[in-house]
Structures are given as C-alpha cells and as structure tokens.
Amino acid sequence: MLAGKKILLAVCGSIAAYKAAFFVRLLKKEGAEVKVIMTNSAKDFITPLTLATLSKNPVYSEYFDEKSGEWHNHVELGMWADLMLIAPLSANTLGKIANGICDNLLLATYLSAKCPVMVAPAMDLDMYQHPSTQENLKKLQSFGNEVIEARDGELASGLSGQGRMAEPEELLEIVKKKFANSEALKGKRVLITSGPTFEAIDPVRFIGNHSSGKMGTAIANAFRSAGAEFTMISGPADYFPNQGKVIKVQSAQEMLNEAEKHHAEADIVVFSAAVSDYRPKEPAKEKIKKNDDSLHLELVKNPDIAATLGGKKTKQYHVGFALETTNEAVNAKEKLQKKNFDLIVLNSLNDEGAGFQQDTNKVTFFDRNNNEQKFELKSKADVAQDIVDYVIKNLA
Ligand code: C5P
C-alpha cells in the first residue's frame, strides 16, 4: 500500500517519542521509505541509533555533521518527501512552526516542505487545552497542515485526559488513507469562489460583508490534498491558500468575469464566496462629502455568479452554499434547483460556532437526489474534507 512512498518523520521531545520506533517499523513493513529528523530534546527520549536502524537511513538533527562536515540540506529533505509527519509534535515545536521560527533543522525542513504536512501533537492535558496551543493548532490548519488530534487517556504525568499522541497503528491508517485520497481527484480542475465582494460607493467606501475566506481556503486545501488543481477567485479576504492559483478581485462583476474565463475547463466548481447581492448604481467619482443629514444610495442587483454559470454547465459538478436564518432547509433546496447546483451546503447563522469568521461550521448537505445529510459542529478543515469526500463519491 505504501510501497515506494517517501515519508519524512519528524520527532520532537515528548515521552510519546518512544512510539516513533513502532511507527517506523509499521511504515517499513508497508514498503515505505522513511527518513527521520529529530530535535535535540527528542534524543533524551529515544536514541537516533534506534530510529536509524529501524528506518535504514541516517537520522538528521543538525545542519551538518561535526566530524565529516557533511551538510544536511533541509530543502532537499523537504523536496524528497511525499509526506512530512511531525509525530510527536511538542508544544514547543508547535509554537515555533505556528510563528515561522526557524532555529533547527526540523523547523527549516518544515518551512521548505512542498509536500503535505501532518502533525500529531502530544502533551499534558492542561498544555493541550491552553488557548495558545489551541490557537496554534488552528493556525497550522489555516496553513493547510492536517492535525491529528491528541487522544483521550492516561498521560505520562499520571493525569488522565486529552493529550496522548495517536497510537502508531492509528497513524499508519491515517497515512494510508491520506495516500489513497491523494490520487482520488488527480487530473481534475476545481474552480472556487471565496471571500466577500466589495462594491464601491466612492473611491474610499464600499459595501461589503464579514466573510473571511476561511471556508474557501479550507476547501481549496482539501481539494489539493485529494490531488486536484484549483483556481480560486477571491474577493478581499483575510485568508488565502498558500499554494495554488489565486486570482484576487474586488466586486461581484469582476468575480463573475474571472469565473467565466475558467468555468469551461473546470470539472468541479465550488461557490463559497459571500457575494454582495446589490451594488451602488453609480459609484461617485470623488469622495462623498458629509454635507447633508441623510444620504440616499441607489442600489442595483448584482449578477448571480452561481446561477449564471449554472446555466452554462456542461460536465461540471457545482457545489453551492446557503446561509440562512429562517426556513433553512426549504430555502436551501429551492436554491439548489434555482442555481442548478448538484450539492448545496446549508449553514445556519442560528447555530453557535457556525458562520462568518468562525473556525468551525455546522452544515447540512442536500443533493439533487433528495439526499440529506446532517453533520456535527466541526472545524472548517473537516467540513471541507466532508465536501471533498462527497464530491469524490458522486463524481464516480
Ligand atoms: O442567493 P444566495 O446568496 O443565498 O446564494 C448563495 C450561493 O450562491 C452561494 O454559493 C454563493 O456563493 C452564490 N452566489 C453567487 N453570486 C451571487 C450570490 C450568491 O455566486 N450574486
């Protein structure tokens, strides 16, 4: 299953480092090529000799070998790997990678890696629950890294709670699934609209909304992990994918123009942008002065990007979103028909943790065959994965 796959295992200083030995053995049994990087503090928990013997490769932890002067090139290591897995990930290394710190070989390799990166944190329960740890894990997800959450159970401190690294057997299953998924959409092109649109009132003001681009970014990352190529057309958002093609626009009309250019070649289209429904009829050429007590703006309807492209559908699978506050399911199903979507993802502003700017979302899927699937509150990365899994199943 993993024959010929190149896996770079990065081990940090945590008691769970002992599990790395079992994990390397399991990977080797599956036919993977394994190279190991260790931080200096990881060596207090497990010896490089153990991991070098099991991986059948030298273990790297310094930029160069003091005796021979041999240079260990972090860029080459990053390029070599098909997957980098940091397991166990300590709170210290987590804090560093979340903030771009680069004071050892592991960190430099992380920053150079072109391949997907997964992390399996391990720490005591209070450290794991600390807001800074949780914030840092969210940051990694926003970079497109996959977080394998710490498990519940007995901890080295004698306490019990969430903080144990996933067991080597579990890690192996996750890695196998990752490689199986990474081919699923190979050769497919995905077009994604994301973020808000800004509609000019005058040269300095606009009508906009609170969309952050987090959902669209998570969707782009999940499609990339499944082997697809994506083009994202995004309004002025806070979040963008750090790899792949992103075209930045301001207004709904510009978003439509760009989306139309890329629609014909796309196999899958996801309309996750929060497009402004109206725009000022004629934006003022100069900044509007506050001379009067009231100001009237005439608004005209914007083009509906999803509906326009829905009318031009040939082979494409279209996924839309519905953000509703009342009559949610009925409205979502109506939109599915009206905009010619194949799948619509309903998120309700009534659910705590769902909606703009949040890291989580609670959604229900409706498709053209009247299937309905409700999901729990999850991270936007996990919601994105559910969308990708659904598309993979239904394209086939
Ligand atoms: O009609 P409503 O805005 O609720 O529809 C939401 C869905 O339609 C989303 O998928 C959104 O990206 C898309 N949409 C669009 N162009 C518009 C308005 C909405 O593509 N002008």
Side-chain angles (χ1 to χ4, degrees), residues 190-200 206-220 222-223 230-237 239-240 246-263 266 268-281 299-313 316-351 354-356 361 363-368 380 383-384 386-388 390-391:
V190 187
L191 174 65
I192 301 164
T193 69
S194 180
T197 62
F198 284 4
E199 310 297 332
F206 57 84
I207 295 174
N209 60 64
H210 295 297
S211 172
S212 61
K214 278 183 189 171
M215 195 64 238
T217 297
I219 290 168
F223 273 108
F230 70 83
T231 301
M232 172 185 277
I233 322 280
S234 176
Y239 291 85
F240 300 97
V246 179
I247 298 168
K248 295 185 183 174
V249 296
Q250 293 279 324
S251 65
Q253 188 59 55
E254 287 169 15
M255 189 175 272
L256 174 61
N257 294 346
E258 288 299 329
E260 277 187 317
K261 284 186 207 161
H262 294 88
H263 185 256
I268 300 152
V269 190
V270 184
F271 299 92
S272 57
V275 184
S276 180
D277 290 331
Y278 293 90
R279 67 174 186 275
K281 188 173 178 194
L299 303 179
V300 292
K301 218 171 193 172
N302 259 333
D304 192 306
I305 301 166
T308 308
L309 297 181
K312 298 183 176 174
K313 222 157 88 171
Q316 295 84 358
Y317 189 91
H318 279 195
V319 181
F321 276 76
L323 183 72
E324 303 291 335
T325 50
T326 53
N327 243 347
E328 299 161 331
V330 175
N331 287 338
K333 284 188 211 165
E334 213 178 276
K335 256 174 218 173
L336 179 84
Q337 297 300 334
K338 218 169 83 188
K339 305 197 187 206
N340 202 14
F341 289 143
D342 297 285
L343 170 69
I344 192 157
V345 180
L346 166 70
N347 43 70
S348 160
L349 271 186
N350 297 330
D351 286 313
F356 288 140
N361 209 351
V363 303
T364 310
F365 289 179
F366 300 93
D367 72 12
R368 289 193 95 71
K380 286 189 172 170
V383 172
D386 289 335
I387 294 171
V388 170
Y390 205 90
V391 172

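A quick note: this is a predicted structure, and the numbers were derived from the prediction, not measured. Atoms within each ligand, like the ligands themselves, are counted from 1 in listed order.
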Enumerated ligand 1 atoms positioned under 4.0 Å from heavy atoms of Gly320: 10 (O)
Min N/O separation Lys339 to ligand 1 under 3.5 Å: yes
Backbone or side-chain N or O of Ala306 under 3.5 Å from ligand 1 N or O: yes
Stacked cation flag Lys248 on Phe240, 6.0 angstrom / 45 deg: yes
Leu256 versus Pro303, closest heavy-atom pair with distance: CD2-CB, 3.7 Å
For atom 10 (O) of ligand 1, closest protein heavy-atom neighbour: Phe271 O, 2.6 Å
Ligand 1 to Lys335 polar contact by distance, N or O atoms, under 3.5 Å: yes
Atoms in ligand 1 flagged as close to Ala273, the criterion being non-hydrogen separation under 4.0 Å: 11 (C), 12 (O)
Distance flag, aromatic centroids of Phe321 and Phe271, threshold under 6.0 Å: no
Min N/O separation Phe321 to ligand 1 under 3.5 Å: yes
Ala274 to ligand 1, any heavy atom closer than 4.0 Å: no
From Asp386 atom CG to Ile219 atom CD1, the distance as rounded to the nearest 0.5 Å: 11.0 Å
Stepwise side chain to side chain contact (heavy atoms under 4.5 Å, CB included) test for Leu343 and Phe365: CA-CA 7 Å; Leu343 170 69; Phe365 289 179; 3.7 Å; yes
Residues Asp304, Lys339: salt bridge by 4.0 Å N-O rule: yes
Identity and separation of the nearest protein heavy atom to atom 17 (C) of ligand 1: Val275 CB, 3.5 Å
Short side-chain to backbone donor-acceptor contact, Thr217 and Tyr239, under 3.5 Å: yes
Any Asp304 heavy atom less than 4.0 Å from ligand 1: yes
Proximity to ligand 1 by part of Asn302, non-hydrogen separation under 4.0 Å: neither
Pairwise side-chain contact, Tyr278 with Asn302, heavy-atom cut-off 4.5 Å (strictly under): no
Taking atom 16 (N) of ligand 1 as the reference point, the nearest protein heavy atom with its distance: Ile305 N, 3.0 Å
Gln250 side chain reached by Thr197 side chain, heavy atoms, under 4.5 Å: no
Shortest protein contact, atom 21 (N) of ligand 1 (heavy atom only): Pro303 O, 3.0 Å
